[in-house]
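Below you'll find the structure I mean.
For this chain, numbers begin at 1 and follow the sequence in order. As the structure is a computational prediction, the values presented were derived from the model and not from experiment.
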Amino acid sequence: MKEIICIVCPSGCPLNVYKGENNNWIVKGNKCPKGKDFAINEMTNPTRTICTTVKTSIKDFPRVPVRTDGEIPKKYIFPLMKLINDIEINEPLKMGTVVLKDIFNTGINVITTANIDNTLGDDKNE
(Lines give C-alpha, C1' and ligand atoms only; values in the text may rest on other atoms or scores of the structure.)
Protein backbone atom coordinates (compact mmCIF):
# COMPACT_ATOMS: atom_id res chain seq x y z
CA MET A 1 0.00 0.00 0.00
CA LYS A 2 1.14 3.51 -0.78
CA GLU A 3 -0.08 6.69 0.89
CA ILE A 4 -0.29 9.81 -1.27
CA ILE A 5 -2.01 13.18 -1.11
CA CYS A 6 -4.32 14.06 -3.97
CA ILE A 7 -3.36 17.36 -5.63
CA VAL A 8 -6.26 17.63 -8.07
CA CYS A 9 -8.40 19.95 -5.95
CA PRO A 10 -7.97 22.05 -2.79
CA SER A 11 -9.31 19.25 -0.52
CA GLY A 12 -5.95 17.44 -0.57
CA CYS A 13 -7.42 14.06 0.29
CA PRO A 14 -5.03 11.55 1.86
CA LEU A 15 -5.28 8.44 -0.32
CA ASN A 16 -4.33 4.83 0.29
CA VAL A 17 -3.58 3.01 -2.96
CA TYR A 18 -2.88 -0.66 -3.46
CA LYS A 19 -3.43 -3.47 -5.93
CA GLY A 20 -6.37 -5.71 -5.28
CA GLU A 21 -7.51 -8.89 -6.95
CA ASN A 22 -6.83 -9.24 -10.68
CA ASN A 23 -4.30 -6.38 -10.43
CA ASN A 24 -7.10 -3.81 -10.07
CA TRP A 25 -6.10 -0.62 -8.26
CA ILE A 26 -7.94 0.04 -5.01
CA VAL A 27 -8.10 3.68 -3.86
CA LYS A 28 -9.44 4.69 -0.47
CA GLY A 29 -9.85 8.14 1.02
CA ASN A 30 -10.87 10.09 -2.08
CA LYS A 31 -13.86 12.40 -1.70
CA CYS A 32 -14.45 12.58 -5.46
CA PRO A 33 -13.84 10.45 -8.58
CA LYS A 34 -10.93 12.71 -9.60
CA GLY A 35 -8.97 11.43 -6.61
CA LYS A 36 -9.25 7.85 -7.78
CA ASP A 37 -8.09 8.78 -11.30
CA PHE A 38 -5.20 10.81 -9.87
CA ALA A 39 -4.07 7.95 -7.63
CA ILE A 40 -4.15 5.36 -10.41
CA ASN A 41 -2.24 7.68 -12.77
CA GLU A 42 0.27 8.45 -10.03
CA MET A 43 0.93 4.73 -9.58
CA THR A 44 1.04 3.80 -13.27
CA ASN A 45 2.37 6.86 -15.14
CA PRO A 46 3.03 9.88 -12.91
CA THR A 47 3.17 13.18 -14.80
CA ARG A 48 3.90 16.80 -13.95
CA THR A 49 3.68 20.26 -15.46
CA ILE A 50 7.10 21.91 -15.29
CA CYS A 51 7.51 25.64 -14.57
CA THR A 52 10.97 27.23 -14.62
CA THR A 53 12.93 30.00 -16.36
CA VAL A 54 15.19 30.29 -19.40
CA LYS A 55 18.16 32.64 -19.63
CA THR A 56 18.17 35.44 -22.18
CA SER A 57 20.75 37.84 -23.55
CA ILE A 58 18.28 40.73 -23.23
CA LYS A 59 19.56 43.22 -20.63
CA ASP A 60 16.27 44.06 -18.92
CA PHE A 61 15.06 40.44 -19.02
CA PRO A 62 17.90 38.14 -17.92
CA ARG A 63 15.43 35.26 -17.50
CA VAL A 64 11.99 34.53 -18.91
CA PRO A 65 9.46 32.23 -17.24
CA VAL A 66 8.47 29.12 -19.17
CA ARG A 67 6.31 26.05 -18.58
CA THR A 68 5.25 22.91 -20.32
CA ASP A 69 1.91 23.26 -22.08
CA GLY A 70 0.84 19.91 -20.66
CA GLU A 71 2.04 17.26 -18.27
CA ILE A 72 5.10 15.15 -19.01
CA PRO A 73 6.08 11.81 -17.47
CA LYS A 74 8.18 12.32 -14.34
CA LYS A 75 11.05 10.35 -15.92
CA TYR A 76 11.58 13.30 -18.30
CA ILE A 77 11.85 16.06 -15.69
CA PHE A 78 15.63 16.01 -15.23
CA PRO A 79 16.42 15.47 -18.95
CA LEU A 80 14.07 18.38 -19.74
CA MET A 81 15.79 20.64 -17.21
CA LYS A 82 19.13 19.85 -18.85
CA LEU A 83 17.72 20.93 -22.23
CA ILE A 84 16.20 24.08 -20.73
CA ASN A 85 19.47 25.02 -19.01
CA ASP A 86 21.24 24.93 -22.40
CA ILE A 87 18.82 27.42 -24.02
CA GLU A 88 19.47 31.14 -24.33
CA ILE A 89 16.87 33.41 -25.89
CA ASN A 90 18.36 36.24 -27.95
CA GLU A 91 15.29 38.08 -29.21
CA PRO A 92 12.01 39.54 -27.91
CA LEU A 93 9.23 36.95 -27.67
CA LYS A 94 5.52 37.04 -26.96
CA MET A 95 3.89 35.04 -24.19
CA GLY A 96 3.02 31.57 -25.47
CA THR A 97 5.98 31.29 -27.85
CA VAL A 98 7.26 27.72 -28.15
CA VAL A 99 10.91 27.48 -27.11
CA LEU A 100 11.13 23.66 -27.20
CA LYS A 101 8.74 21.73 -29.41
CA ASP A 102 7.42 18.19 -28.88
CA ILE A 103 9.82 17.35 -26.06
CA PHE A 104 10.80 13.69 -26.02
CA ASN A 105 8.10 12.98 -28.62
CA THR A 106 5.36 13.59 -26.05
CA GLY A 107 3.52 16.25 -28.07
CA ILE A 108 4.19 18.66 -25.19
CA ASN A 109 5.98 21.97 -25.78
CA VAL A 110 7.85 24.36 -23.52
CA ILE A 111 6.34 27.85 -23.90
CA THR A 112 7.06 31.32 -22.54
CA THR A 113 4.65 32.60 -19.90
CA ALA A 114 5.54 36.29 -20.23
CA ASN A 115 6.40 38.75 -22.97
CA ILE A 116 10.05 39.75 -23.25
CA ASP A 117 10.75 43.05 -24.95
CA ASN A 118 14.18 44.61 -25.38
CA THR A 119 12.75 48.14 -25.72
CA LEU A 120 11.70 48.44 -22.06
CA GLY A 121 14.89 50.20 -21.02
CA ASP A 122 15.10 52.56 -24.02
CA ASP A 123 13.15 55.40 -22.35
CA LYS A 124 14.60 55.15 -18.85
CA ASN A 125 16.82 58.24 -19.21
CA GLU A 126 14.25 60.47 -20.89
Quiz item: Do other residues, nucleotides or ligands put more than 12 heavy atoms under 6.0 Å from Glu3 CD?
Solution: no
Practice problem: Could you walk me through whether Ile87 and Ile89 pass the side-chain contact (heavy atoms from CB on, under 4.5 Å) test, one step at a time? | Solution: CA-CA 7 Å; Ile87 295 173; Ile89 295 173; 4.3 Å; yes
Quiz item: Nearest 0.5 Å, what's the OH-CD1 distance between Tyr18 and Ile26?
Solution: 5.5 Å
Self-check item: Residues that Lys31 engages under side-chain contact (heavy atoms from CB on, under 4.5 Å), provided they are two or more places apart
Solution: Cys13
Quiz item: What distance separates Asn45 CG from Lys74 NZ, expressed to the nearest 0.5 Å?
Solution: 11.0 Å
Quiz item: Between Arg48 and Ile77, is any pair of side-chain heavy atoms under 4.5 Å apart?
Solution: yes
Practice problem: Check for a donor-acceptor pair, side chain of Asn24 on one end and backbone N or O of Gly20 on the other, with a separation under 3.5 Å. | Solution: no
Quiz item: How long is the span from the CD1 atom in Ile111 to the OG1 atom in Thr113, to the nearest 0.5 Å?
Solution: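 If we round to the nearest 0.5 Å, Ile111:CD1 and Thr113:OG1 are 7.5 Å apart.
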Side-chain donor-acceptor distances from residues 97-105 under 3.5 Å, at least two apart:
unit_1	atom_1	unit_2	atom_2	d
Thr97	OG1	Lys94	N	3.4
Thr97	OG1	Lys94	O	2.6
Asp102	OD1	Thr106	N	3.2
Asp102	OD1	Gly107	N	2.5

Quiz prompt | Atom pair NZ (Lys19) and CE (Met43), whose distance is rounded to the nearest 0.5 Å | solution =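 Lys19 NZ to Met43 CE: 8.5 Å, rounded to 0.5 Å.
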Quiz item: Once you round to the nearest 0.5 Å, how far does SG of Cys6 lie from CG of Asn30?
Solution: 8.0 Å
Quiz item: What's the shortest heavy-atom distance between Gly35 and Leu15, and which atoms?
Solution: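 Nearest heavy atoms, Gly35 then Leu15: O-CD1, 3.6 Å.
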Self-check item: Single-linkage hydrophobic cluster, 4.5 Å side-chain cutoff, Ile7 and Trp25 together
Solution: yes
Practice problem: Consider only side-chain heavy atoms of I, L, V, M, F, W and Y, link residues closer than 4.5 Å, and tell whether Val27 and Ile5 are in one cluster. | Solution: no
Exercise. Kindly indicate, with the supporting measurements, whether the criterion side-chain contact (heavy atoms from CB on, under 4.5 Å) is fulfilled by Phe38 and Lys34.
Key: CA-CA 6 Å; Phe38 169 78; Lys34 292 178 185 177; over 6 Å; no
Self-check item: Contact summary for Met1 and Asn16, nearest pair of heavy atoms
Solution: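 Answer, listing the atom of Met1 first, then Asn16: SD-CB, 3.5 Å.
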Exercise. Any chance you could measure Ile58, atom CD1, to Asn90, atom CG, to the nearest 0.5 Å?
Key: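 The CD1 atom of Ile58 sits 7.5 Å away from the CG atom of Asn90.
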Quiz item: Should Met95 and Leu93 be regarded as members of a common hydrophobic cluster, given that ILVMFWY residues are connected when their side-chain heavy atoms come within less than 4.5 Å of each other, either directly or indirectly?
Solution: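 No, Met95 does not connect to Leu93 through the hydrophobic network.
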Could you pull out all donor-acceptor pairs under 3.5 Å where a side-chain atom in residues 62-72 meets a protein atom, sequence neighbours excluded?
unit_1	atom_1	unit_2	atom_2	d
Arg63	NE	Thr53	OG1	2.8
Arg63	NH2	Thr53	O	3.4
Arg63	NH2	Thr53	OG1	3.4
Thr68	OG1	Ile50	N	3.0
Thr68	OG1	Gly70	O	2.7
Asp69	OD1	Asn109	N	2.8
Asp69	OD2	Asn109	ND2	3.1
Glu71	OE1	Thr47	OG1	2.7

